[in-house]
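Each remark here refers to the structure printed beneath this line.
For the numbers below, each heavy atom of this structure counts, side chains included, while hydrogens, waters and symmetry mates do not. Chain identifiers are assigned alphabetically (A, B, ...) following the order of the sequence lines, protein sequences preceding nucleic acid strands; residue numbering begins at 1 within each chain.
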Protein chains: 12
Amino acid sequence: MTTMSHPITSTLGQSEREATGALLQAALLDLIDLSLVAKQAHWNVVGRHFRDVHFHLDELVALARKYTDEVAERSSAIGVSPDGRVRTVAAGSRVPEFPDGWQTDKNVVRAIVEALDVVALRMRTRVEESEQPDPVTQDLFIEITQALEKTRWMWQAKLVES
Amino acid sequence: MTTMSHPITSTLGQSEREATGALLQAALLDLIDLSLVAKQAHWNVVGRHFRDVHFHLDELVALARKYTDEVAERSSAIGVSPDGRVRTVAAGSRVPEFPDGWQTDKNVVRAIVEALDVVALRMRTRVEESEQPDPVTQDLFIEITQALEKTRWMWQAKLVES
Amino acid sequence: MTTMSHPITSTLGQSEREATGALLQAALLDLIDLSLVAKQAHWNVVGRHFRDVHFHLDELVALARKYTDEVAERSSAIGVSPDGRVRTVAAGSRVPEFPDGWQTDKNVVRAIVEALDVVALRMRTRVEESEQPDPVTQDLFIEITQALEKTRWMWQAKLVES
Amino acid sequence: MTTMSHPITSTLGQSEREATGALLQAALLDLIDLSLVAKQAHWNVVGRHFRDVHFHLDELVALARKYTDEVAERSSAIGVSPDGRVRTVAAGSRVPEFPDGWQTDKNVVRAIVEALDVVALRMRTRVEESEQPDPVTQDLFIEITQALEKTRWMWQAKLVES
Amino acid sequence: MTTMSHPITSTLGQSEREATGALLQAALLDLIDLSLVAKQAHWNVVGRHFRDVHFHLDELVALARKYTDEVAERSSAIGVSPDGRVRTVAAGSRVPEFPDGWQTDKNVVRAIVEALDVVALRMRTRVEESEQPDPVTQDLFIEITQALEKTRWMWQAKLVES
Amino acid sequence: MTTMSHPITSTLGQSEREATGALLQAALLDLIDLSLVAKQAHWNVVGRHFRDVHFHLDELVALARKYTDEVAERSSAIGVSPDGRVRTVAAGSRVPEFPDGWQTDKNVVRAIVEALDVVALRMRTRVEESEQPDPVTQDLFIEITQALEKTRWMWQAKLVES
Amino acid sequence: MTTMSHPITSTLGQSEREATGALLQAALLDLIDLSLVAKQAHWNVVGRHFRDVHFHLDELVALARKYTDEVAERSSAIGVSPDGRVRTVAAGSRVPEFPDGWQTDKNVVRAIVEALDVVALRMRTRVEESEQPDPVTQDLFIEITQALEKTRWMWQAKLVES
Amino acid sequence: MTTMSHPITSTLGQSEREATGALLQAALLDLIDLSLVAKQAHWNVVGRHFRDVHFHLDELVALARKYTDEVAERSSAIGVSPDGRVRTVAAGSRVPEFPDGWQTDKNVVRAIVEALDVVALRMRTRVEESEQPDPVTQDLFIEITQALEKTRWMWQAKLVES
Amino acid sequence: MTTMSHPITSTLGQSEREATGALLQAALLDLIDLSLVAKQAHWNVVGRHFRDVHFHLDELVALARKYTDEVAERSSAIGVSPDGRVRTVAAGSRVPEFPDGWQTDKNVVRAIVEALDVVALRMRTRVEESEQPDPVTQDLFIEITQALEKTRWMWQAKLVES
Amino acid sequence: MTTMSHPITSTLGQSEREATGALLQAALLDLIDLSLVAKQAHWNVVGRHFRDVHFHLDELVALARKYTDEVAERSSAIGVSPDGRVRTVAAGSRVPEFPDGWQTDKNVVRAIVEALDVVALRMRTRVEESEQPDPVTQDLFIEITQALEKTRWMWQAKLVES
Amino acid sequence: MTTMSHPITSTLGQSEREATGALLQAALLDLIDLSLVAKQAHWNVVGRHFRDVHFHLDELVALARKYTDEVAERSSAIGVSPDGRVRTVAAGSRVPEFPDGWQTDKNVVRAIVEALDVVALRMRTRVEESEQPDPVTQDLFIEITQALEKTRWMWQAKLVES
Amino acid sequence: MTTMSHPITSTLGQSEREATGALLQAALLDLIDLSLVAKQAHWNVVGRHFRDVHFHLDELVALARKYTDEVAERSSAIGVSPDGRVRTVAAGSRVPEFPDGWQTDKNVVRAIVEALDVVALRMRTRVEESEQPDPVTQDLFIEITQALEKTRWMWQAKLVES
């Protein structure tokens, strides 16, 4: 039955819906924060690799925003209201805090690799945890993990001195 | 002189730089929060006007993100490090908080008009306050005000019952 | 061996091929009918939300046609001849019949939500049933379910009065 | 013979040219006024359907402008100078006057349907009257009638309450 | 007068409207079935000319769908509700039935030429029958006949052995 | 407070709003008439430079239409209903009347330069008069003046015999 | 019946087919020659208006080629083999011969207007003569006449001295 | 010195200019005829390979037209008026005549290979003959030969039975 | 820890990483060789179906190259260096060798079907073998299998004589 | 009055015109030289950051060329003939000379930052000096300053070692 | 061996490199100056043909810039540092100086033809002189000569009065 | 005469064909291997310049693939079957072997410069050797040499420390 507090019904049972919804909400917070961290770095990076890192960060922003949207809309699609407001993100995100002020490109690369490590590993856990309640949501987590691990390799490759 | 703590010098004098930088930082917080509020509404709106409001909100997100970037990069361009991290935004934004959970399209329109009222009026004040320290930054505030007032009209027009 | 009655061989064993083929054929009938129902509604809707619903329906037509093609071609790819002829669809589709004549936008929204409920739930069942015989076909059913549930949310959201 | 007062000769005879030219001139005035009425409504509409109506009107403006141009250039092509100046339009258009000031979306829809009724019916008459003097011009009137009747249906469909 | 059972009024008189509406409804059924037959052939064709015929059929699908839409919307535009539901099509289409199972490219070409013969000749009859009640609809039938006869030539040309 | 007669509130005070609204309304009339004059010339020009002038005029039409829209929508954005109806334009425009009938390219160039002189000078005055009541609107007038003076130079350059 | 000498059958009766085929064949020769004349002028024009005329001629080439193709393919579509070989064109075209060697832009304009006069008038006659045997072909001749008369106006307009 | 009979001077000496001009004029005739032959085949081909050959011929038309234009404009660029009028082509082309009436795809392929043999070999000769008088023109002949030999291979490959 | 010999760490454990890496490396060799075989056939095919097969092969090349890249980059993303050098491919690919010299289209189709059989079946095995060590890589193998089986059907369909 | 020595009149008074013209002429020289310096660096840079700097320089060239054109055309628009000939630029530009021969990327970055410092500061002065004589020109200088300061930040950021 | 003063080695021997480098450097100066002359004319042309000449000049600018870049980069590619700085161009270009102030279109055409004469003839000489030291560079000079002679024809054609 | 073992005849004599064919075959092997080496580097590069080098390598892959195709198709066009199979390439390529495993960006740049040195010098030799047997093929070798030398400069420029 559709009411104002539950206007969107679900094709999932009650407990599958709650379990899946919780996984999606946690992913949402990580991805929003990741997009804000990447933008912060985009504006504050300095160093001889400035331009390369500056644009690479904007691709990361685009990636994070794309999956933010898909995760939130998957949540709505299973009838769970997503919460991506700034104070909810500030309280619930697990992405390591980015330092304030100007940052050298070297420090930026290190901070981004660290952030991607956290976000990718947590996403990989969700792949396992979502299989039973909802294989359709699992497929989305698999796609996001694939994308995060690919971008993580590209950032990590930059850590090597030559 | 360029040092690590001041790697970007300015074509402005010290006090003009500080005054302008403070105005840009405040604008940055409002715009980031506006983009998050609009996304939150985009995912949670329900009602017969769902699709219209859902897509209208994404245009607002695009507008807020575009000017977020221009404001932050103007700040960098005058040598002031911008701060757009999630906890800084949560603490410093003046945009009214958006309620949690599903919202009818009517409530969404009302909340967005309110948010735009606050953001547009504060931006208009910055037009005046930036003229003296930096007419170049003022020109950016004028452009943003024009865009905010145009979108505010379009949202307000929807408040009329017919 | 390739003969005229079996010109396309399969990488699947005989029973996996038959089980998977039957699931694909049933999905095909639902999706073709869904596209015809959506077109019928597209031409016959009236009401103050005419334009919104008229175009939203064409997106649904596009979605149904896209997956109609992918389902039929997956069937050919595993060596099972798909049957999408009008009389086969008329006899075998499980999509609720759409009423004739002009329909108010409100009625159209209700009818589409009902049709999507039926089609999405049946598709979700196929996700389970296809895992064993063919995980490759299962992946296609997962993708279709994801798309149907997303569009179903957007249509259901319009049922709320505001 | 080409002179300054008749620089463009015609492949039509004198009386066919005059008859056809008169039909084209009348169509020109209706279409220019229709485009101005639609723009006026585009700027002044308010109501919950604002955005839908606002953009639907711009499509009507585009349609009216496109055929304005084709009608005027058809007139030139048969050697009759078209007159689309503001005072000629103000004096000769038969499109009902649009009220001044803000208008609810409901009123706008009603006014546009009325305007399209007048313009479409007058155009349909021209289809008959142009067959004998110039079947080439008739073909253009047929195309315009088809377009006007299609858009008229879409606006009229919005009059139904649901 | 606009009522729910007749929400769309017409610029045609009552009898012209009925005569024209009947011609459009019959055309609609032929065109929908033609698009389904062409898709069926698209999925089931085998033979050395597979790829050529496979893609040629998709162009035929596109053509049939385009005119399906224009015919149905012309019907709405004159105030006659079009009926393109699967069971109506199954009952009323005059397109010869396409055989089930895999088909050689040679058989497919033959079947398509046959189908186009039927559909094109019936459409040509409608050109005559629509002139009096509605020359605007006649123009649409002329355009469709032109397109069908062109595609029919291209398919027939393939029947010649070389 | 939002009422039907004042559905759009303003971020400007009452007197600033009235002063700015009057300037925008006058600009609106000039720009609509300019677009109609340019179209009239577009259809009626003859002479060896026909094609050059014919297309140059269409660029002028595009320019005039673009700023017509921006001026009207700025007016709506500050809460003043714009009036661009044909009889209001006929009564209030200050653009010199364009002669009827065919015109040589030389005469067309002269008439357009004259029209641009009037419109550009009046727009430049509005730049001064709008600074105090609304610097945001002033910025729009500056942009329009820049565009008009640029196109005026290009038309004036054609007056020189060689 | 399909044989090698008559591989393409027709939806027209024998005499309608022959009459229509003859009209199409004559149109074909005029249009091919028109495209060659326009190219010849394109390469050989000199004079202060060189560039304007040079590019205007290429638009004429494009127009002539487009309708050459449509006319020839309409002929094939009704089962009459079109003949557009160089010697057939040289023998049968009625387009006035273009002089050899360099030509001033003034002479080119005069020659093109003359050629368009001939071709447009002959096409207009075909509109009448094709109505009875085949209204579908007539519609094509109407479209071509419309295009030829429009381009003829544009070329004739250049004959006026200013 | 520039006169009307020699309005375009040359950067080549008198004899180089004449020798090069003669080579270009001969190439021009071959290429125009090749484009007409390919169009004739495009309209008259029948057979099971109809569609493949029909479209392949249009690529050949495009190729022939592109180099027709480059050859003629190279001639103008060295001050030699090119002659591509229909009767000049009919008299001077060396391309084998294409038979009239419908042609099987097999015959078309054979005829096109023959035509390309003639045109390619003659073009290759011009590569040698143009080196001394004008290496710039030679470079154009080399490019055309490369293109002709590539297309010739593709047509010849179709002659093999399989 | 990141060292030069292991600069890219993994989100997988040691044994999962090795197992997954080995599967990816084997897939890489097959796909590179498939792309080279398809190119070889693309250049050497002859026969009446030349053009169809020639272009169909280029689509196969594009498909093989696309998945070559995704497989290699997935390997890098899990920290295993991929090896796609020519001698590694020559030694390790399991794709059947393509014969040298010109090949009829019939032979080419047969050889490609054979190659696709081998590659698709081996890929399907990898779907099973990758599920446990890494479901994210499994998802990529599923996507590739889907694409290979679809293209395999299209090539196999061409084996049927008609 | 328009004469040959003053063919373009102005909407500005005599002294405003002269003052504004002088500012525009000086800006023109700086911008042309900046574009040539950036191209020189584009061709001569070497070093490990070659590709990054090489392409970054081309964006600077594009920026400098775009504003060169707008400045020169603004000058024409106010009736002052701009002078951008090579010897005028060589004599009047204030951009520091770029060294000859190959340059390391580090040196290039340093030289570009220096050049941008000079050009941006001089442009900022023009913002002040143009306000009184011509606010329309001032708006252009503001836009250029904004762009120069943004690109200057990006180049300066590269000076930091990391 | 690569050193800082010779960081780019060459595939040419020492004397071939020097000879070729000198030819490229001279071409570079001509082409840069040609682009500046064309821009100067673009801004200063007046007369009834203003628009035609204004845009034709911008195509010349594009052509000159394109080959400027290719010539300079060819120089770098053979290991010779190119010098395109403003004072080097001012000192070394052989393009005739363009007069200052406004110029009639007639004078502009004459000046451009003169400039193209000089530049094209000098480029043609380089074709001969580069054959021995470097046929690869010769090919570039041939391409540039072809382009210059083509554009020269188009400008010269405008010198003829009609 | 066309037979299966020689289905493609040539416009070249027997010995010219063999000499040219051998040159093309050798070029083919180098280019295929170059594309594989560049891809291998693309996947295995690590270091602070990772992203720059990663994408630069993909441009090299595109270049190598483009000319691979043109070389192979030129061979077919002169009637010589090209051989680009993996084992033929492994046996015949002269490109230095790329080391296995991860490589720092510095090592990658060095290896690519070395590979380009070999390939470019061998290609330059072919320019000389092909002039006599076939100037048309020579032109292709010139184009490839130009492209290789340009890309070689860009890679070599990165070897300089700064």
Side-chain angles (χ1 to χ4, degrees), chain G residues 2-8 24 28-30 32-47 50 54 58 61-62 65 68-77 79-93 95-105 107, chain H residues 2-8 24 28-30 32-47 50 54 58 61-62 65 68-77 79-93 95-105 107:
Chain G
T2 303
T3 69
M4 185 52 225
S5 52
H6 296 298
I8 309 296
L24 288 162
L28 182 64
L29 300 186
D30 283 3
I32 292 176
D33 200 5
L34 182 62
S35 77
L36 292 173
V37 160
K39 264 295 178 203
Q40 176 71 8
H42 174 76
W43 300 320
N44 282 287
V45 62
V46 294
F50 165 81
H54 183 70
D58 244 6
V61 171
R65 282 178 178 172
T68 292
D69 224 56
E70 295 199 12
V71 160
E73 302 204 338
R74 178 72 198 146
S75 183
S76 294
V80 176
S81 155
D83 186 349
R85 294 170 303 165
V86 71
R87 282 168 197 93
T88 314
V89 180
S93 157
V95 181
E97 184 145 43
F98 193 84
D100 72 329
W102 307 107
Q103 302 296 329
T104 62
D105 46 34
N107 286 350
Chain H
T2 303
T3 69
M4 185 52 224
S5 52
H6 296 299
I8 309 296
L24 287 163
L28 182 65
L29 300 185
D30 283 3
I32 292 176
D33 200 5
L34 183 62
S35 76
L36 291 173
V37 159
K39 264 293 178 202
Q40 175 72 8
H42 174 76
W43 300 319
N44 282 286
V45 61
V46 295
F50 165 81
H54 182 72
D58 244 7
V61 171
R65 283 179 178 171
T68 292
D69 224 56
E70 295 198 11
V71 160
E73 302 204 338
R74 178 72 198 147
S75 183
S76 295
V80 175
S81 155
D83 185 350
R85 295 170 302 164
V86 71
R87 282 168 196 91
T88 315
V89 180
S93 158
V95 181
E97 183 145 45
F98 194 85
D100 71 329
W102 307 106
Q103 301 297 327
T104 64
D105 46 34
N107 286 349

- [ ] Select, from Ile32(H), Asn44(H), Val37(H), Val46(H), the one with the greatest count of heavy-atom pairs under 4.5 Å involving chain G.
- [x] Asn44(H)

Task: Which atom of Ser76(H) lies closest to which atom of Trp43(G), heavy atoms considered - done: OG-O, 3.1 Å

Open item on the list: For the CG atom of Asp33(H) and the CZ atom of Arg87(G), what is their distance to the nearest 0.5 Å?
Closed with: 6.0 Å

Task: Part of Thr68(H) lying under 4.5 Å from any heavy atom of chain G - done: both

Task: Distance, nearest 0.5 Å, that separates OG of Ser81(H) from CD of Gln103(G) - done: 8.0 Å

Task: Contacting region of Thr104(G) [heavy-atom separation from chain H under 4.5 Å] - done: both

Task: Sidechain-backbone polar pair: Asp83(G) side chain, Gly101(H) backbone, donor-acceptor under 3.5 Å - done: no

Task: Residue, of Val89(H), Asp100(H), Thr88(H), that accumulates the most heavy atom pairs under 4.5 Å with chain G - done: Asp100(H)

TODO: Could you look at Leu28(H) and say if it's the side chain, the backbone, both or neither that has a heavy atom under 4.5 Å from chain G?
DONE: side chain

Task: Residues in ring-ring contact (aromatic ring centres under 6.0 Å, His included) contact with Phe98(H), at least two apart in sequence or another chain - done: none

Open item on the list: Is any side-chain heavy atom of Asp69(G) closer than 4.5 Å to one of Lys39(H)?
Closed with: yes

Open item on the list: Looking at every non-hydrogen atom in both residues, tell me the closest pair between Val80(G) and Trp102(H) and how far apart they are.
Closed with: C-CZ2, 3.8 Å

